[in-house]
Amino acid sequence: MSISNSTIAAGDAPAASRRPSKVLSRRRRKIQSALVAYSFLAPNFLGFAVFTLGPILFAFVLAFMHWDGSNAITFAGLDNFWRLFEDKVFIAAFWNTIIYTVVSVPATLACALGLAILLNQKIFGRDFFRTAMFFPYVASLVAVAVVWNMIFNPEMGPVNMILYTLGLDPKDMPGWAADRHWAMVTVILFGVWKSMGYYMVIYLAGLQGINSELYEAADLDGANSWQKFVYVTVPQLGPTTFFVTVMLTIQSFKVFDQIYMITQGGPGTSTLVLVYHIYNEAFISWDLGYSSMIALVLFFLVLAVTVVQFRRQRED
Amino acid sequence: MASISLKKLNKSYGALTVVHDIDLEIADKEFIILVGPSGCGKSTTLRMIAGLEEISGGELQIGGDLMNDVPSKDRDIAMVFQNYALYPHMTVYKNMAFGLQLRKVSRDFIDSQVQDAARILDITHLLNRKPKALSGGQRQRVALGRAMVRNPAVFLLDEPLSNLDAKLRGTMRAEITKLHKRLHATFIYVTHDQIEAMTMADRIVVMKDGHIQQVDTPQNLYDRPVNMFVAGFIGAPQMNMMPSVIERRGERYFALFDGRELPLPAHFDRSRIAPYEGRDLVIGIRPENFHELPPADIAPENLAPFSAVMELAEPMGSEIHLNIIAGGRSLIARVSPRFRGAIGDEVKLVVDTTNMQLFDRQTERSILY
Ligand SMILES: Nc1ncnc2c1ncn2[C@@H]1O[C@H](COP(=O)(O)OP(=O)(O)OP(=O)(O)O)[C@@H](O)[C@H]1O
Ligand SMILES: [Mg+2]
C-alpha cells in the first residue's frame, strides 16, 4: 500500500507542482478504494485469524511445551522432538503416511485422468457416468464407508464372493480392513475411489482446453492414439497435472477421516498415519505438546514436498 | 504423381449439407486456391482432402488412388493450419522433426531435412526456441517447415497468412509462391482474400454456399466471370453493377443506363445478346474502365461519355478511388492521382466498354460466357 502510493506520488511530482489538489484527491481516492477492499476482506480474515492462524501459531509454541490441557503449561525445550525418535508408533505412522501418499497420489491421478479421457469421448450415457464417478466425492463419508466395509467384508462381502467364484482358495482370501497386510490397500483403494471423481472433473476441464488442431496436426504427422496421448495430451495437461498432484499430495499427507471410518488405524499400527497419531496423542492421551510436535513435523513435510513440486514446475 | 480428383464430393452434418457435389480436377504440381466468403465450405473441402473430416458422399482420389477411407498419414499430404498448430512444448526443431521421428527414419536424414527446410525458410537461428518465443510470421515459417520436411506430394494450406499483418502477408505471399516452384508439389490453398488468390494461384476455385461457382485462371476469372457473384468477388474495388436495358441501333447494340448509352463492343457474340434485346439485365463495369480522358489505345467506338456527381475521393497514392453517383447508384472509378475535383461537382468521365459484363437479372448468370 504505502509503497504503491509513494511511487505514484513520485511519478506525479511535476504535475504535483502545478495541480497539487488533483494529486491529493487521486491519492485519497486510492486510499479510499483500498479501505473498501480491506473492509470486505475483514470478516473473512477475522475468522481465519481466530480459528486457523491463531491455533497454528499456538501449536508452534506448544510443540516446545508440556501441556495436558488442564494443568499449567511448562516449558519442554526439545524434549518433544527427541521423543519422536524413540516413539515406535510415530515412526510407523510416518512411514505409513509416506506409503499412503506415494501409492495413492499416482493411483488417483491415473484413475482420474483415465476416467476423464474415457468420459471426454462421445459415448452413450456420458453424463450419467460423469455424475456416477463424481458422486463418491460429494457423498457422506460415513455412509459410503459403511457400504465400503460391507462390500469388502472378508466373510460375506461381494468382493470376496466374486474372488471365491473365480476360484481363489478361501485360505488365501484377503481379509481387507481386518488383515494387517491388506488394510493399507483397502484404505488406499477407498481414498482413490472417493476422490478420483473430483480430479476427473478437473482433468475434463483441462482436456477440453486442448486445441483440437494439435491432434489433427499429430494425425497428419502420423501419430497413433498412444503417441497422441504421450506427445500432445500429457504435455498439454502439464499445468493441470501439477495442480492435481499438489492438491492430492497435501490431501494424502493429512488423510485421517477415511481411516478413522474404516480401520481406526489398525490392525495394529498397519494403517496408522500421522494425523491419526496426532489425534490419539492429543485427544486420547491429552499430550498436547507432543502432538503439536508431530503436527510440526507433518507441516514441514508437506511444505518441503510442495516447495520441491513448485520448483520442478518452474523448471519445465 | 499427385493429381487430385474430387468427384461429386459431399459433406453433411445431419440434415445440413455444407459441401454440395464438388467436382474438381487438380493437376500434379498445380497451385490451386479455394476462395469464397466465410462459411462457404472451403475449409471443410480442404479437411476432407486432408482426411480430417469424413467424406459424406462422392470420391476423393489422390494420384489415381481412392482415398476416401485412407487415414491422413497415408495420403502423402501435409497441412499448414490457420493457427499454426505447433506443438507448444516442443522446440522448433522437434516440431519439424516430429513427423519423421514417428516414421522411424534415420536421425541423420531427419537432421538434414530439418536443416534444409530451416535454411530455405531462414529460421535456422530459431531451431532451439519454443513456439511461444516466436512472432506470428516466424511461427508461420515453422509451420511451413514442418510440412516441408516430409516431402509430401500435396500441401494443404488453410488461410495460412490470415493472422499476419498486411506487410508480412505481402512478403509471405511471394515466399509461398517461390516455395511452390521449388518443391514441385501440388498446393491446395484456402483463403478468403482475393488478392492472395489472384497473385498466387495457377487456378482459382470460387465457392459460395458449398457450391463451386467457377474454376479458372486468375485472369480468366477477372475477365470472364460466369455470374454476378464471381464478378463481384474477384477484383477490388468491386465491379460496378448497373441495371440496364439493351437496345439495338442499326447494326449495333447499346446498353442504356440512366440516359447514358453504352455501346456493346463488336466482339460480343451477337447470337447471345439478341435474345436480350429490349429486356432488363445488369451490366458490370470495372472501376479501371472509367477514364478522365479517352485513352488513345482504345477503339473510339467502344468509348462513351459518362458524367456523374462526385461523392467522395479516396486517394491511394498511385491512384484515386472516386466514388460517384449516377442514376441513383453509387459507383467507383479508378482515376489518376492528378485528378482534381470537389465533392458535389459533376465529373465528366469516359467509359471503356471493351470488357463490359452482361448478366441476366433473374439468374444472375453471365449472358456472354
Ligand atoms: N461440426 C459442424 N456441424 C455443423 N455445421 C458445421 C460444422 N462445421 C462446419 N459447419 C458449417 O459448415 C459450413 C462451412 O464451414 P467451413 O469451415 O468449411 O467454412 P469456410 O469456408 O472455411 O469459412 P471461413 O472462411 O470462415 O473459414 C459453415 O456454414 C459451418 O457453419
Ligand atoms: Mg475456414
Side-chain angles (χ1 to χ4, degrees), chain A residues 106 109-110 112-114 116-117 120-127 202-246 308-316, chain B residues 43-44 46-54 70-91 94-105 110 113 130-132 139 142-150 152-160 163:
Chain A
L109 198 126
L113 179 57
I117 287 170
N120 198 34
Q121 240 76 236
K122 290 195 184 78
I123 55 165
F124 179 75
R126 179 169 75 167
D127 291 341
I202 293 175
Y203 265 125
L204 271 175
L207 284 175
Q208 274 150 26
I210 300 179
N211 178 1
S212 60
E213 278 191 349
L214 290 179
Y215 290 107
E216 295 178 343
D219 268 333
L220 287 159
D221 271 336
N224 58 31
S225 304
W226 173 250
Q227 288 163 331
K228 278 189 274 186
F229 175 73
V230 172
Y231 293 111
V232 178
T233 311
V234 170
Q236 286 292 100
L237 286 177
T240 311
T241 303
F242 170 68
F243 172 77
V244 170
T245 311
V246 170
V308 169
Q309 286 170 332
F310 268 91
R311 280 264 167 77
R312 280 192 32 200
Q313 165 77 1
R314 208 165 312 144
E315 275 162 25
D316 290 349
Chain B
S43 297
T44 309
L46 192 75
R47 291 165 56 81
M48 284 195 283
I49 299 173
L52 298 173
E53 210 78 67
E54 212 180 310
V70 175
S72 301
K73 66 181 164 74
D74 300 326
R75 292 188 184 192
D76 200 9
I77 53 170
M79 183 153 168
V80 177
F81 294 83
Q82 179 174 358
N83 299 314
Y84 320 127
L86 300 175
Y87 308 114
H89 53 281
M90 295 185 194
T91 60
K94 274 224 74 178
N95 262 286
M96 290 168 67
F98 187 61
L100 290 177
Q101 281 168 352
L102 293 180
R103 281 171 165 78
K104 305 240 184 308
V105 289
I110 295 178
Q113 287 294 99
K130 295 263 177 78
K132 69 166 178 284
R139 284 179 206 180
V142 177
L144 282 168
R146 180 168 67 177
M148 278 164 62
V149 292
R150 292 211 321 262
V154 183
F155 279 77
L156 306 173
L157 305 99
D158 192 353
E159 309 210 20
N163 287 340

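First the proteins, then the strands, lettered A, B, ... as listed; each starts at 1. All heavy atoms count here, side chains included; hydrogens, waters and symmetry mates do not.
When all heavy atoms of A:L220 and B:I77 are compared, the pair lying nearest together is CD2-CD1, 3.6 Å. What you find for B:R146 and A:A217 is that their closest heavy atoms are NH2-CB, 3.7 Å. Taking all atoms of both residues into account, the shortest heavy-atom contact from B:L102 to A:D221 is CD1-O, 3.7 Å. Shortest non-hydrogen contact noted between B:Q82 and A:E213 is N-OE2, 4.4 Å.
Not counting sequence neighbours, the partners of B:A147 by the side chain to side chain contact (heavy atoms under 4.5 Å, CB included) test are B:A78, B:V80, B:F155.
Contact of the B:Y87 side chain with the A:Y231 side chain is not registered, since no non-hydrogen atoms from C-beta on lie closer than 4.5 Å. Here the side chains of A:E216 and B:M79 are not in contact, with every heavy-atom distance at 4.5 Å or above.
The choice from B:M90, B:R47, B:Q101, B:R75 that makes the most heavy-atom pairs within less than 4.5 Å of chain A is B:R47.
B:N83 touches chain A through backbone and side chain together, each having a heavy atom under 4.5 Å away. Neither the backbone nor the side chain of B:L100 comes within less than 4.5 Å of any heavy atom of chain A.
Taking a 6.0 Å sphere around CD of B:E54, one finds it holds 12 or fewer heavy atoms contributed by other residues, nucleotides or ligands.
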